[in-house]
2 protein chains.
Amino acid sequence: MSFVKYSIQVLRSKGYKVTRPRKEVLEAVESATAPVSPYDISRMVQQQGKHLDHVTIYRVLDLLCSLNLVHKVLSRGGFVKCGLLDEPGCHRFLVCRECGVLQEFTDEALCYQESQIARRMGFYPEHHLTESSGLCQRCR
Amino acid sequence: MSFVKYSIQVLRSKGYKVTRPRKEVLEAVESATAPVSPYDISRMVQQQGKHLDHVTIYRVLDLLCSLNLVHKVLSRGGFVKCGLLDEPGCHRFLVCRECGVLQEFTDEALCYQESQIARRMGFYPEHHLTESSGLCQRCR
DNA sequence: TAGCAAATGCAATACTATTGCATTACCGCA
DNA sequence: TGCGGTAATGCAATAGTATTGCATTTGCTA
């Protein structure tokens, strides 16, 4: 099932309305390989002759993040669709510093070790943020 | 040796001038346990009856980052002094979501594993960004 | 299809970040 | 210690990013 369709299902199942703005944000994120900012999305929508207020885009992205349908990539200041919709746990990213292309993966062992170290230091971890920057195969 | 003194040494050794603004930014960062933003620093300096232009603060922080004397903590949008000045390699952070207090550590094994996985996925990693959020002992 | 609550759009505003250029002040050298 | 050259700063202007409150619209249920 496509990212957009799956997301719409999730929205409905949680009681959120499926609106035109939400669908368009989903489609914009779906079509992107690299992280896109709220204003990127605004421009993408405009290029199709439509319009979305940027405030709406911010709010939609917030919601999608809270539902784990998209991730915020801090090192890029942008958002990507979640590439592992069915896999829970800690998601990690490889981001190409040249083209911004993104690959997503999880690794339970790594996540476990990280938590162990944190706890040994008296810290109670809830969420790990991991973004590796470097070069993708193409840009190399 | 204190963070400020060490940093001044590094600045000199690389041919950078040791100026009043640079010293004040270093002192502000030194005194903070949680990440501080450029404008935070601006306010801290003002509370001492002094003044620094925010543009200068941005530039100083850029420089200090490039010298690995401070780190930018993306999940907080702020900067902290490097807590492991003598240890090279990949630095990781535990950030308390309540009070923002930060602990820094490195772990070669983790870093190595991360790189291995990345390479197996056709990616050439250069830098790992890891920030775990959760609760510190006090806030728990 | 009518009504309600959720969601959007708009306006205003605050915060964050960057650039170019004139002026200042740090540092090496006499 | 004082001077000159250059790196660094401050200022002004501007662009980009993010948030809030409120009136209006729209999706969804009955």
Side-chain angles (χ1 to χ4, degrees), chain A residues 4-5 7-29 34-46 48-67 69-70 72-80 100, chain B residues 4-5 7-29 34-46 48-67 69-70 72-80 100:
Chain A
V4 173
K5 286 200 174 166
S7 301
I8 287 177
Q9 241 183 33
V10 171
L11 285 173
R12 272 198 225 286
S13 75
K14 306 258 179 181
Y16 294 103
K17 293 182 180 173
V18 177
T19 62
R20 185 185 70 88
R22 287 179 180 167
K23 281 190 277 189
E24 294 195 351
V25 169
L26 284 170
E27 280 160 20
V29 172
V36 287
S37 75
Y39 284 88
D40 287 336
I41 293 175
S42 177
R43 280 173 225 118
M44 294 165 78
V45 170
Q46 256 176 356
Q48 305 189 338
K50 300 166 189 170
H51 174 78
L52 285 187
D53 195 273
H54 74 272
V55 178
T56 301
I57 298 174
Y58 274 95
R59 289 192 277 226
V60 170
L61 288 170
D62 270 357
L63 175 63
L64 298 178
C65 272
S66 76
L67 297 174
L69 295 170
V70 308
K72 183 165 195 178
V73 181
L74 288 177
S75 59
R76 285 258 155 184
F79 296 80
V80 288
Chain B
V4 173
K5 286 199 176 167
S7 301
I8 288 177
Q9 241 183 33
V10 171
L11 285 173
R12 272 198 223 286
S13 75
K14 306 258 180 183
Y16 294 103
K17 293 182 180 172
V18 176
T19 63
R20 185 185 70 88
R22 286 177 179 167
K23 281 190 278 190
E24 295 195 350
V25 169
L26 284 170
E27 279 161 21
V29 172
V36 286
S37 76
Y39 284 89
D40 287 337
I41 294 176
S42 176
R43 278 173 228 119
M44 293 164 80
V45 171
Q46 255 175 357
Q48 305 188 340
K50 299 167 191 171
H51 174 78
L52 285 187
D53 195 274
H54 74 273
V55 177
T56 301
I57 298 174
Y58 274 95
R59 289 192 277 226
V60 170
L61 288 170
D62 270 357
L63 175 64
L64 298 178
C65 272
S66 75
L67 297 173
L69 295 170
V70 309
K72 183 165 193 177
V73 181
L74 288 176
S75 59
R76 285 259 156 182
F79 297 81
V80 288

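Letters A, B, ... are given to chains in the order of the sequence lines, protein chains preceding strands, and every chain is numbered from 1.
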Open item on the list: Return a single string for nucleotides 22-30 of chain C, one symbol per nucleotide in 5' to 3' order, where B is base contact, S is sugar-phosphate-only contact and - is none, cutoff 4.0 angstrom on heavy atoms.
Closed with: ----BS---
- [ ] Would you please classify the geometry between the A/His54 ring and the A/Tyr39 ring as parallel, tilted or perpendicular, with 30° and 60° separating the classes?
- [x] parallel
TODO: Identify whether any heavy atom of B/Arg59 sits under 4.0 Å from a base atom; if not, whether one sits that close to sugar-phosphate; answer base, sugar-phosphate or nothing.
DONE: base
TODO: List the steps and the verdict of side chain to side chain contact (heavy atoms under 4.5 Å, CB included) for A/Arg22 and A/Ile8.
DONE: CA-CA 9 Å; A/Arg22 287 179 180 167; A/Ile8 287 177; over 6 Å; no
Open item on the list: Can you measure A/Asp62 atom CG to C/dA7 atom C1' for me and round it to whole angstrom units?
Closed with: 14 Å
Task: Point-to-point distance, once rounded to the nearest 0.5 Å, from CG of B/Leu52 to CD of B/Gln46 - done: 9.0 Å
- [ ] Report the distance from atom NZ of A/Lys23 to atom C1' of C/dT8, rounded to the nearest whole Å.
- [x] 15 Å
- [ ] Tell me whether the OP1 or OP2 atom of C/dA17 has a side-chain N or O from B/Tyr58 closer than 4.0 Å.
- [x] yes
Open item on the list: Rounded to whole Å, how long is the line connecting atom CD1 of B/Ile57 with atom C1' of C/dC15?
Closed with: 15 Å
Task: Result of checking B/Ser66, B/Ser37, B/Pro38 against B/Leu61 for side chain to side chain contact (heavy atoms under 4.5 Å, CB included) - done: B/Pro38
TODO: Step by step, work out the side chain to side chain contact (heavy atoms under 4.5 Å, CB included) result for A/Val29 and A/Ile41.
DONE: CA-CA 8 Å; A/Val29 172; A/Ile41 293 175; 4.0 Å; yes
TODO: Return the value, rounded to whole Å, for the distance between atom CD1 of B/Ile41 and atom P of D/dT9.
DONE: 13 Å
- [ ] Ignoring the backbone of B/His51, work out which of D/dA18, C/dC10, D/dC11 is nearest its side chain.
- [x] D/dC11
Open item on the list: Between A/Leu52 and B/Ser37, which residue's closest nucleotide on DNA chain C lies nearer the 5′ terminus?
Closed with: A/Leu52
TODO: Find the distance B/Glu24:CD to D/dA8:P and express it as a whole number of Å.
DONE: 17 Å
Open item on the list: Rounded to whole Å, how long is the line connecting atom CG of B/Leu61 with atom C1' of C/dT16?
Closed with: 13 Å
- [ ] Compare every heavy atom of A/Pro21 with every heavy atom of A/Thr56, then report the nearest pair and how far apart it is.
- [x] CG2-CB, 3.8 Å
Task: Any N/O donor-acceptor pair, A/His54 side-chain to D/dT19 base, under 3.5 Å - done: yes
Task: Value in whole Å for how far the C1' atom of D/dA13 lies from CG of B/Asp53 - done: 12 Å
Task: Length of the OH-P vector between B/Tyr39 and D/dT17, whole Å - done: 15 Å
Task: Side chains of B/Leu11 and B/Lys17 in contact at under 4.5 Å (non-hydrogen atoms) - done: no
